[in-house]
Amino acid sequence: QISRADVADLIYFMAIARHRSFSRAAIELGVSASALSHALKGLETGSEFACLIADQGVTPTAAGEELVQSVLQPFDTIEGALESLNRYRYDHTGRIRTNAA
C-alpha cells in the first residue's frame, strides 16, 4: 500500500533527478534542500537501495534511473489529466438556487 508520504518522496526524488541538484529541486518545489535530503533518505531506507549518488553534482544510480523511467510516464499522465481539467476553471455552468425572505 502506497502512502501520501511515499508519493511525496517520489515527487521529491524525481525533481532531484531531473535537476541533478538538491538546491535547484528545492527551489522548484518550495522546500529546503535539507527537507529533500530527508525525503530521499526515507525513500532509500524504505526501498533498501540507493537512488542517487551525490558527488560533484547528483546522478541517479542504476536503480534510481530505473525508478525514474518507471514512474515518469504515470506522473506525466497524472499531470496531463490535471491540466486538462483547467478547461472547467472558467466555464461555469449549472443552476444556482437562492432562498430569500
**Prompt:** So how far is it from Asp6 CG to Gln1 CD, rounded to the nearest 0.5 Å?
**Reply:** 9.5 Å
**Complete:** For Leu52 and Pro60 the tightest heavy-atom approach is CD2-CA, 3.6 Å
**Message:** With rounding to the nearest 0.5 angstrom, report the CD to OG distance, Glu79 to Ser84.
**Reply:** 11.5 Å
**Message:** Under 3.5 Å, is there a donor on one side chain and an acceptor on the other for Ser32 and Ser34?
**Reply:** no
**Nearest heavy-atom neighbours spanning Met14 and Val71** = SD-CG2, 3.3 Å
**Prompt:** Out of curiosity, His38 NE2 to Asp9 CG, how far, rounded to the nearest 0.5 Å?
**Reply:** 12.0 Å
**Item:** Path from Leu72 to Tyr12 over hydrophobic side-chain contacts below 4.5 Å
**Value:** yes
**Asked** In this structure, are over 12 heavy atoms from other groups packed under 6.0 Å from Glu66 atom CD?
**Response** no
**Message:** Measuring only between side-chain heavy atoms, which start at C-beta, is Phe75 closer than 4.5 Å to Ile11?
**Reply:** yes
**Message:** Quick check: do Glu28 and Arg18 have side-chain heavy atoms less than 4.5 Å from each other?
**Reply:** yes
**Item:** Contact check, side chains of Ile16 and Val58, non-hydrogen atoms, under 4.5 Å
**Value:** yes
**Side chain Thr77, main chain Gln73, donor-acceptor under 3.5 Å** = yes
**Asked** Any side-chain heavy atom of Leu36 within less than 4.5 Å of one from Leu29?
**Response** yes
**Asked** What are the two closest non-hydrogen atoms of Ser47 and Leu43, and how far apart are they?
**Response** OG-O, 2.7 Å
**Prompt:** Counting only N and O atoms by type, is there a donor-acceptor contact under 3.5 Å from the side chain of Arg20 to the main-chain atoms of Thr59?
**Reply:** no
**Request:** Determine whether Val7 and Val68 fall in the same hydrophobic cluster, where Ile, Leu, Val, Met, Phe, Trp and Tyr are linked whenever their side-chain heavy atoms lie under 4.5 Å apart.
**Result:** yes
**Message:** Give me the atom names and distance for the closest heavy-atom approach of Cys51 to Phe13.
**Reply:** CB-CE1, 3.5 Å
**Distance-minimising heavy-atom pair for Arg97 and Arg95** = NH2-NH1, 3.8 Å
